[in-house]
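Reviewing the structure listed below.
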Amino acid sequence: MDIDIRTIVLQIINTLILFFVLKKILFKPVTKFLDERKNAIESKIDKTEEDLKAAADLKAEYEAKLTEARKESMTIMENATAQSEKKKSEIIAQAREEAERIRHKANEEIEVEKEQALIYLRDQLADLVTSAASIIIEKNLDSDSQEYLIDRFIEGMDGANEE
Amino acid sequence: MDKALEGASVVFEIFGIPITETIVSTWIVMVVIIIGAYLITRSFKRLPSGVQNIAEALVEGINDFTVQTMGEKNRWFASYAGTLLIFIFLANISGLFGLWPPTADTGTTIGLGIMTFFIIQYQGIKNKGIGLYLKNILLEPIPILFAPMNIISELATPISLAFRLFGNILAGVVVMGLIYSVVPIVVPIPLHIYFDLFAGLLQSFIFVMLTMVFVSMAIETE
């Protein structure tokens, strides 16, 4: 069993050939492949995390918007309520005013009517008194004294009426 | 039995160079490895299945093993370490397939040892610079006095690597030869598992591991 230099040299050459071939067809491509897959998975995980974050942000944004919208709708509703309340009181006030006006007018009319009625009554009364007086006294007064008497009578009535 | 002690016989000669059984076995092992690697890596898919898993696990295991032993910056060494591991392991167990194990021949193991030796020296000079490299060998720890010992220690590294592997595998071949001459049936089976598979895997690991340790020691600049 001697050491053969030629075998040593051949084996070194063989090993080098095997090394270069395996490096080319096995180690380099597989390592590259594994690294690429690792990178792909990593980037996918990163992207997923980013997406999740973006989704969370979006959700927060939408929630904020929703809250705002709710608030806004509340404000609008309140405004509307206040406005309708105002309108209502306005309408009521207007109605009240109208009623007041109508009543006032009615009062005025009544007053006028009353006035007219009084005038009419006064005339009637004058006639009545005249005829009553003529019946009672059985004697016609001269027209001057007759007028005088009637006027006095009516003034007395007016005074009583106004009191 | 006699065969084991005689060593590898010459099969034929090319241009006066004797081609021994060792070389033929090595070629067969190489062809098997290369064809296997080609077939497995030819149809790599994104989603691994079948043998692709084995190839991925093997390459990843070797990469991780290299990074663990030598650090991340020496990842480049993985393809050489992996080549050694696969080649030595298959060479060690080739006896199971009726071949003469190439690693039971000093020609192979010394060849591998010499390669390790040159990688160590090259990396030492490259990383330390020729000055520090020579200083480490000639002037440490005591100038000149220790230089011969340092040189012997450097030369001993490949020799010990080569003969550890050679001795273990040849011893397996010899012991198996003896066993076969005494009890040729049943008994050799578990012994094959030990001497070929177990010792074969272990010795390939030891060779690669020590190569890695020596190389990373040479690279370390302190």
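Lettering of chains follows the sequences in order, A, B, ..., and the numbering in each one begins at 1.
Highest contact tally toward chain B, considering only A/Gln11, A/Glu36, A/Lys28, is held by A/Gln11 [criterion: heavy-atom pairs under 4.5 Å]. The residue among A/Ile5, A/Leu34, A/Ile8, A/Thr15 with the most heavy atom pairs within less than 4.5 Å of chain B is A/Ile8.
Sparse packing is recorded around CD of A/Gln94, with 12 or fewer heavy atoms of other residues, nucleotides or ligands lying under 6.0 Å away.
For a heavy-atom cut-off of 4.5 Å, chain A lies close to B/Arg75 in residues 68-76 of chain B. Within residues 114-126 of chain B, the residues having any heavy atom closer than 4.5 Å to a heavy atom of chain A are B/Ile114, B/Met115, listed by residue number.
Judged as a side chain to side chain contact (heavy atoms under 4.5 Å, CB included), and not counting sequence neighbours, the contacts of A/Glu42 are A/Lys38, A/Asn39. By the side chain to side chain contact (heavy atoms under 4.5 Å, CB included) test, A/Ile45 is found to be paired with A/Ile41, A/Glu49, residues two or more places apart in sequence or in another chain being considered.
Here the CG atom belonging to A/Leu18 is positioned 8.0 Å from the CD1 atom belonging to B/Ile86, to the nearest 0.5 angstrom. Taken from OG1 in A/Thr31 to CD1 in B/Ile62, the straight-line distance is 9.0 Å, to the nearest 0.5 Å.
Here the closest heavy-atom approach between residue A/Leu22 and residue B/Ala37 is recorded as CD2-CB, 3.9 Å. Looking at every heavy atom in both residues, A/Ile25 comes nearest to B/Ile34 through CD1-O, 3.6 Å.
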Problem set entry | side-chain hydrogen bond (donor to acceptor under 3.5 Å, both in side chains) between B/Asp105 and A/Thr7, intermediate numbers included | CA-CA 9 Å; B/Asp105 188 321; A/Thr7 310; 5.3 Å; no
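For the ring pair (Phe, Tyr, Trp, His ring centres under 6.0 Å) criterion with B/Tyr80, the lone passing option out of A/Phe20, A/Phe19, A/Phe27 is A/Phe19. Partner of A/Leu10 under the side-chain contact (heavy atoms from CB on, under 4.5 Å) criterion, out of B/Thr20, B/Thr22, B/Ile23, B/Thr108: B/Ile23 alone. The side-chain contact (heavy atoms from CB on, under 4.5 Å) test with A/Leu26 is passed by exactly one of B/Thr41, B/Ile40, B/Ile33: B/Thr41.
In this structure, the side chain of B/Ser79 does not engage the main chain of A/Lys23 through any donor-acceptor pair within 3.5 Å.
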